[in-house]
J.: 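Here you go, one structure.
Just so it is clear: chains get the letters A, B, ... in the order the sequence lines come, proteins before strands, and each one is counted from 1.
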2 protein chains.
Amino acid sequence: MAVAVKERAKALRAAPAKVLKADVALPVNQILRGDCISEMRKLPDASIDMIFADPPYNLQLGGDLARPDGSHVDAVTNDWDKFSSFAVYDQFTREWLTEARRLLKPDGSIWVIGSYHNIFRVGTILQDLGFWILNDIIWRKANPMPNFKGTRFTNAHETLIWASKSEKSKYTFNYRAMKTLNDELQMRSDWVLPICSGPERLRRNGTKAHPTQKPEALLYRVMLATTNKGDVVLDPFFGTGTTGAVAKRLGRDWIGCEREDDYIEVAQERIELALPLDESSLVTMQSKRSAPKVAFGALVESGYLAPGTRLTAKKGRFTATVRADGSLQSDAEIGSIHGLGAKLQGAPSCNGWTFWHVEHEGEVKPIDSLRQLYLLAVED
Amino acid sequence: MAVAVKERAKALRAAPAKVLKADVALPVNQILRGDCISEMRKLPDASIDMIFADPPYNLQLGGDLARPDGSHVDAVTNDWDKFSSFAVYDQFTREWLTEARRLLKPDGSIWVIGSYHNIFRVGTILQDLGFWILNDIIWRKANPMPNFKGTRFTNAHETLIWASKSEKSKYTFNYRAMKTLNDELQMRSDWVLPICSGPERLRRNGTKAHPTQKPEALLYRVMLATTNKGDVVLDPFFGTGTTGAVAKRLGRDWIGCEREDDYIEVAQERIELALPLDESSLVTMQSKRSAPKVAFGALVESGYLAPGTRLTAKKGRFTATVRADGSLQSDAEIGSIHGLGAKLQGAPSCNGWTFWHVEHEGEVKPIDSLRQLYLLAVED
DNA sequence: GCGTTCCGTGAATCCATAA
DNA sequence: TTTATGGATTCACGGAACG
């Protein structure tokens, strides 16, 4: 395999270079092997249309973590994510963002993705360097990893910052494309996308090739929104080349920086196999809107149903009281609207929404009618 | 009306003050009129359980920027002044967060809400001051304002940072209450809630009383998750008193700082009208961690489980015998229900209560169910 | 072949308490 | 302060295994 990969790598490196005004060739559709800061220093000023960066997050993980079933959580323990202090991380961030800003065309823009570990440092430094933040985008993960110990809220999202080179930039934003992609509604700042798994996840010898591979759908939306066909996209932390693969599919040129040989090899093979999309296959990329689901607790905290309210069922045969956290209490039992309903009836299951009733304006109605009211208020 | 409000204000100010060890009375359930930094300076160290802050983020808006002391900052639009604006904002943020940290009890925590204009500055400074970020929470607005010009993504969320006073803090997190509130699924870091509108939105003379009034549902979830009944909650930017109203409803004490007389008046009237929930509906689902402990040996000596009983685990893959002292014996090993379970699986740890099963009336049940029976018998 | 069940796993700052 | 021990704790999805 190694030979075949090297052949392909050679072919990739021989890709036609773009010639700029300054007569400096831009090494387009190639992976630059090495540290991103020194590699970026070799590139000419104002030559890049868009930068997508997935820098190390500086996770600062503690000891091992086990799931409730005892299995081991495979954490990000790579050396490239280790920094001795915030000051060191800030210095690193300032350096690569300074180079990034130099490389951007005046109307270019940059995307950086991160988590609460690092994104506040990144955002602050972006602002300090003169970038102009356009949006912060929330990637709401459809299937995040749970919080196994029950100690915090499930960390179910990552944050992307989108910023132009300066306040004056006439940046690219394909408003119509985004609206079309979102069923004719304006694309919002929160994007629901699954994490990268299944056949899309790159593996070597059965184990994941990279610990933090991003889903192509994420890059697809980023590139479709903020670049045009033929633009040059730079990714300073190329990894296994998601940026390159999506750029090729969408007819954009790309440049990647990467230090690790293993990642480079995987990325080259992957991009070689990536095919430009035709119009018909674009359709399958559109994400469905998921049906709204309402937790009973949401009605309580939104004031649609006050804690202490009496609910009845089966014409008053059963009664229960709403508690502050959205649980129900009967004489002897506590449970969810579904669980308590089932328990009281001795039934295996119960739809609490239609089982429990509440008196509202002299009328006894199923609590499901409150859910409908809530949905009306929440939609749009 | 003004007279009635003043009467109520007087009554509020006469609320019983909590007396601390240091013999300094904490002005509980009162609004402190004045700049939050100077008002906070009057309060004693380590006296507050939780802080909720909705600080101003009046930068980059082309409008005025006021320094903490109220003096005016010239809003010139060149780069140099942009930096100076950030520096002023950072200084202000550092000052009030420093006071906030001093006031927090060692196990206290803080919430700060903001948007991309200021939240990166806030997060960075929180980290620099030694706060320990626990989650960043996305308030996903169900009904955001559209982007009228179609130049960016619809800004459809705000970000909250939840941080403990230090890395070592044993902060409050009511895991079970949150899980109950979310239909028995872990509460995630993205919260879908409507913006504050309709009858909840406070108005004076037909116009909204405050430009950024937060929905009570947001504070409800924050307080239910990270405080206990009787805790003291401080809000340095009290505005129209959403924090106070929800605190009163949920049986928490509160302190607010506010400079503007108009807001104070509206807030006092509002909190006066808020109804506290009664005790019983305030009770939330408790985690097992806070339940009384039962030694496995107690089940044996009480006859719930006879010595010699065979226990199984993982569908019969593991078996062990109960011994008279409450230890378990497998073929080659002896240990506690937890220790033996861990050893047999080669796992670092194991919850024996859910791991081991016993046949009882033809059904195979975890021995935890016996513990529940035992607890029922022992209670009362 | 098809439906069911089981198992693996993902950017994670992931325990509390007594001795 | 450190160490040992009890025992609390998970959601969605893909793919393999099974019947």
J.: Is the glycosidic angle of C:dT13 within 90° of 0, making it syn, or outside that range, making it anti?
T.: syn

J.: Among D:dC13, C:dA11, D:dT10, which is the nearest nucleotide to the side chain of A:N143?
T.: D:dC13

J.: Rounding to an integer number of angstrom, what distance separates D:dG7 and C:dC14 when you compare their P atoms?
T.: 23 Å

J.: Picking from C:dT13, C:dG10, D:dG7, which would you name as closest to the side chain of B:K293?
T.: D:dG7

J.: Looking at C:dA11, C:dG10, C:dC7, which one has an atom nearest to any side-chain atom of A:R67?
T.: C:dG10

J.: From the options C:dG10, C:dA11, D:dA8, select the nucleotide whose nearest atom is closest to the side chain of A:F148.
T.: C:dG10

J.: If you pin A:P144 and B:A295 to their nearest nucleotides in DNA chain D, which one's is more 5'?
T.: B:A295

J.: Does the side chain of A:N155 get closer than 4.0 angstrom to OP1 or OP2 of C:dT13 through an N or O atom?
T.: yes

J.: Kindly point out which of D:dG6, D:dT10, C:dT13 is positioned nearest to the side chain of A:Q60?
T.: C:dT13

J.: Report the C-alpha separation of B:T312 and B:H357 in whole Å, then their side-chain angles, then the decisive distance to 0.1 Å, and conclude whether the side chain to side chain donor-acceptor pair (under 3.5 Å) test is met.
T.: CA-CA 5 Å; B:T312 60; B:H357 291 63; 5.6 Å; no

J.: I want to check one thing: is the phosphate of C:dG10, taken as OP1 and OP2, less than 4.0 Å away from some side-chain N or O of A:K141?
T.: no

J.: When we call it a touch if two heavy atoms are under 4.0 Å apart, what does A:G63 touch: a base, just sugar-phosphate, or nothing?
T.: base

J.: For nucleotides C:dT13 and D:dA4, find the distance between their C1' atoms and express it as a whole number of Å.
T.: 25 Å

J.: Provide, to the nearest angstrom, the distance between the CG atom belonging to A:L59 and the C1' atom belonging to C:dC14.
T.: 13 Å

J.: Side chain to side chain donor-acceptor pair (under 3.5 Å) between B:R310 and B:T321: does it pass, once the steps are laid out?
T.: CA-CA 5 Å; B:R310 298 287 287 173; B:T321 307; 2.9 Å; yes

J.: From D:dA8, C:dT13, D:dG6, pick the nucleotide closest to the side chain of A:K149?
T.: D:dA8

J.: Please say which of A:R270, A:K214, A:E216 ends up in a side-chain hydrogen bond (donor to acceptor under 3.5 Å, both in side chains) with A:T242.
T.: A:R270

J.: Determine: side-chain N/O of B:R371 to OP1/OP2 of D:dA8, distance under 4.0 Å, yes or no.
T.: yes

J.: Below 4.0 angstrom, N of the basic side chain to O of the carboxylate: do B:D368 and B:R371 qualify?
T.: yes

J.: How long is the line joining CG of B:D107 and C1' of C:dT17, in whole Å?
T.: 14 Å

J.: Check whether any side-chain nitrogen or oxygen of B:R317 sits under 4.0 Å from OP1 or OP2 of C:dC6, and answer yes or no.
T.: no

J.: When the C1' atoms of D:dT10 and C:dC7 are considered, how many whole Å apart are they?
T.: 14 Å

J.: Where the side chain of A:T151 is defined as all heavy atoms beyond and including C-beta, which of D:dT10, C:dC14, C:dC6 is the nearest nucleotide?
T.: C:dC14

J.: Is the shortest side-chain N/O distance from B:H338 to OP1 or OP2 of D:dG6 below 4.0 Å?
T.: no

J.: Could you check how far NE2 of A:H72 sits from C1' of D:dT9, rounded to whole Å?
T.: 16 Å

J.: Go through D:dT10, D:dG7, C:dC14 for me and flag the one nearest to the B:S349 side chain.
T.: D:dG7

J.: Considering only atom P, compute the distance from D:dT5 to C:dA12 and round it to an integer number of Å.
T.: 31 Å

J.: Output the rounded distance in Å from NZ (A:K82) to P (C:dT13).
T.: 15 Å

J.: Let's go through B:D49 and B:K105 carefully: what are the C-alpha distance in whole Å and the side-chain angles of both, what is the deciding distance for salt bridge (Lys or Arg N to Asp or Glu O under 4.0 Å) to 0.1 Å, and is it a yes or a no?
T.: CA-CA 6 Å; B:D49 294 287; B:K105 294 179 183 174; 3.0 Å; yes

J.: Of all the choices, D:dC11, D:dT9, C:dA11, which nucleotide is nearest to the side chain of B:L185 once you look at every atom?
T.: D:dC11

J.: Test side chain to side chain donor-acceptor pair (under 3.5 Å) on B:T284 and A:D325; report intermediate values, then the result.
T.: CA-CA 6 Å; B:T284 57; A:D325 60 355; 4.7 Å; no

J.: Ignoring the backbone of A:R152, work out which of C:dC6, C:dC7, C:dT13 is nearest its side chain.
T.: C:dT13

J.: So A:P55, base contact, sugar-phosphate only, or nothing? Heavy-atom distance under 4.0 Å.
T.: base

J.: With a 4.0 Å cutoff (strictly under), does any side-chain N or O of B:Y171 reach OP1 or OP2 of C:dC14?
T.: no

J.: Less than 4.0 angstrom from a charged side-chain N to a carboxylate O is my criterion; do A:R204 and A:E265 meet it?
T.: yes

